[in-house]
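These numbers come from a predicted model, not from an experiment.
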Amino acid sequence: MSDRQFDIILFGATGFTGFLTAEYLANNASKRGIRFAIAGRNESKLVDVKNKLGLEDLEYFIASSDDKAALLELTAKCTVLATTVGPFSKYGKDVVAACVENGTNYCDITGEFPFIYESIVDHHEDAKANNIKIVHCCGYDCIPVDMGAFLAAKSLSSPPTKIRALCTKANGLASGGTLASAGSINKHKSTFTKAQRSDPYILVPDITDALRVDKVVSKKTGPGYDSDFGTVTLPYFMSVIDNRLVRRSMALRGVATSYDEAMSLGLIGRVSGFLLSHLPSVVGHLSPKPGDGPPKTIRNNGSFRVESKATTADGEECTVSVTGKGDPGYQATAAMFSEAAMLLADPSLDENATDDDLDHFKGGVLTPSTAMGQALIDRLEETGLFTFTVNKKE
């Protein structure tokens with residue numbers, strides 16, 4: 001699709017989510033005319049991935065996240081560098097810098113807001129000026145809520161003043177890499193001031209007072225009745241990154257709206273029932289190490305559902321239900337991440353984009369919705385794995 005050697009290089013293909021992504025690309029990239037390669041720091045493991053995929057012609061490259069010269073060489077070979085190498089606060093900074101220097105689009109699956117903040121501060125202006133897309137959070141963190149909020153908002157006749165999201169199903173298990181990333185968030189939060197840690201708009205460093213609506217990261221501090229969804233809700237652990245990320249999306253579009261999210265009480269029962277029905281697969285996977293993750297039965301049989309409701313000042317409402325097949329953090333994430341990477345490699349994405357186009361933007365440190373807009377929703381629905389259902393109430 002471009003004059004570079006590859007459309008996508010997947011960095012971190014030997015990790016758990018990295019291999020799932022490589023597997024998805026192996027099954028789908030050629031259908032879209034995408035040329036991809038894999039990269040990592042361990043040659044024998046890369047060869048093992050290549051053999052497991054059964055792709056004799058699949059090229060691989062040796063690179064370490066702390067080798068700046070190797071990263072510059074790697075990112076010069078591709079249109080998009082897609083990375084699963086986390087924790088990103090530890091291993092991602094030089095990767096982003098190399099992409100910006102080489103004019104290479106970038107995407108990852110991080111949920112580490114301190115890393116994203118540093119990426120914005122260090123690279124947003126350069127990336128924006130040079131039409132380079134640096135896109136964080138291209139997995140379950142945070143595509144469902146970001147794209148749901150985007151679609152709900154754009155379906156209204158005027159900008160919303162409030163957006164709320166509710167996760168009602170998240171059937172799956174955590175991997176060692178996710179647990180390591182969660183630890184990295186806590187570690188790097190300590191480098192922030194108290195004001196930064198509590199700032200709901202930490203991912204919008206240049207926000208104007210007119211766009212600053214929310215006072216706290218989340219108002220959900222315990223169980224309670226949610227009048228927006230008419231049910232009992234609980235604080236949702238994903239709000240740590242989701243709330244900050246969606247606020248960046250809205251602020252980049254100049255929309256002054258409040259955002260918050262929760263999970264339904266019913267989610268606890270659903271995930272408990274799911275895990276009990278897969279008990280033999282669950283045993284032995286409750287404390288995974290980095291590189292390990294849920295067994296295949298859980299990955300394949302998992303699923304998620306998120307409702308995003310946008311409301312205008314005069315009471316017009318739109319609710320978008322986002323569903324996905326596969327364990328949210330792994331099978332579904334690998335599919336979402338791969339489709340995002342392939343879309344970022346497609347030059348037709350920006351053929352009709354303008355600087356004032358509020359569907360998506362040409363460059364900067366962006367979010368999934370501000371980097372790809374409606375095109376990403378269309379791509380995800382085409383897979384048959386995801387649905388975006390719009391229910392508008394006048």
Side-chain angles (χ1 to χ4, degrees), residues 6-26 29 34 36-53 55 58-68 70-99 102 104-112 115-116 119 134-141 174-184 288-294 299 327 329-342 344-345:
F6 298 99
D7 298 304
I8 299 169
I9 292 181
L10 173 62
F11 187 43
T14 61
F16 189 82
T17 309
F19 178 76
L20 295 179
T21 304
E23 193 173 45
Y24 188 95
L25 289 172
I34 295 288
F36 84 98
I38 58 175
R41 62 181 180 180
N42 188 306
E43 183 172 12
S44 64
K45 290 183 178 181
L46 288 168
V47 172
D48 187 44
V49 168
K50 177 178 175 176
N51 292 337
K52 286 180 179 178
L53 295 176
L55 299 178
L58 180 64
E59 294 194 45
Y60 64 85
F61 301 96
I62 311 300
S64 175
S65 57
D66 60 358
D67 187 338
K68 295 182 181 181
L71 292 174
L72 284 171
E73 185 177 348
L74 185 70
T75 55
K77 297 178 185 292
C78 58
T79 301
V80 177
L81 192 287
T83 175
T84 59
V85 181
F88 292 86
S89 291
K90 184 176 182 180
Y91 298 117
K93 297 176 186 178
D94 288 339
V95 181
V96 174
C99 285
N102 273 327
T104 302
N105 290 335
Y106 165 101
C107 60
D108 65 30
I109 54 171
T110 189
E112 302 165 42
F115 166 68
I116 301 170
S119 179
I134 305 298
V135 194
H136 301 295
C137 302
C138 290
Y140 188 60
D141 310 15
S175 81
T178 293
L179 298 177
S181 289
S184 179
K289 297 178 181 179
D292 295 331
R299 298 199 310 268
D327 179 294
Y330 300 93
Q331 208 73 23
T333 281
M336 289 185 280
F337 183 48
S338 297
E339 291 295 337
M342 289 190 284
L344 289 171

Min side-chain heavy-atom separation I116-C137 under 4.5 Å: yes
Shortest non-hydrogen separation from G18 to L10 and the atoms involved: O-CD2, 3.4 Å
Between CD1 on residue I62 and CD on residue E73, distance to nearest 0.5 Å: 11.5 Å
Gap between atom CZ of R41 and atom OG1 of T14 - 0.5 Å precision: 8.0 Å
Steps toward side chain to side chain donor-acceptor pair (under 3.5 Å) verdict (Y24, E339): CA-CA 9 Å; Y24 188 95; E339 291 295 337; 2.7 Å; yes
Side-chain donor or acceptor of T333 paired with backbone N/O of Y140 under 3.5 Å: yes
Any residue meeting side chain to side chain contact (heavy atoms under 4.5 Å, CB included) with N42, in chain and number order, not counting sequence neighbours: S44, K45
Qualifying residue for side chain to side chain donor-acceptor pair (under 3.5 Å) with H136, from T110, D141, D108: D108
Side-chain touch C78/I8, heavy atoms, less than 4.5 angstrom: no
Backbone of G12 reached by a side-chain donor or acceptor of T84 within 3.5 Å: yes
Atom pair OH (Y330) and CG (L20), whose distance is rounded to the nearest 0.5 Å: 9.5 Å
Steps toward side chain to side chain donor-acceptor pair (under 3.5 Å) verdict (T104, N102): CA-CA 5 Å; T104 302; N102 273 327; 5.1 Å; no
Beyond-backbone contact of M342 with F36, side-chain heavy atoms, under 4.5 angstrom: no
Distance-minimising heavy-atom pair for A39 and I9: CB-CG2, 3.8 Å
Minimum heavy-atom distance between L72 and T75, given as atom pair plus value: O-OG1, 3.4 Å
Gap between atom NZ of K50 and atom CG of L58 - 0.5 Å precision: 6.5 Å
Cationic tip of K52 above F19 ring, under 6.0 Å, 45° of axis: yes
side-chain contact (heavy atoms from CB on, under 4.5 Å) between V135 and Y106, intermediate numbers included: CA-CA 6 Å; V135 194; Y106 165 101; 5.9 Å; no
Taking every non-hydrogen atom, the tightest pair across F16 and P294: CZ-O, 3.3 Å
Atom of A13, atom of V49 and distance for their closest heavy-atom approach: O-CG2, 3.6 Å
Centroid-centroid distance, F11 to Y91, less than 6.0 Å: no
S119 side chain to F115 backbone, donor-acceptor under 3.5 Å: no
Backbone of L344 reached by a side-chain donor or acceptor of N105 within 3.5 Å: yes
Interatomic spacing from CG in L81 to SG in C99 - rounded to 0.5 Å: 4.0 Å
Reported OG1-to-CZ distance for the pair T83 and F88, which is rounded to 0.5 angstrom: 5.0 Å
Donor-acceptor contact present, side-chain E59 to main-chain A37, <3.5 Å: no
Non-hydrogen atoms of S338 and A334 that approach each other most closely: OG-O, 2.7 Å
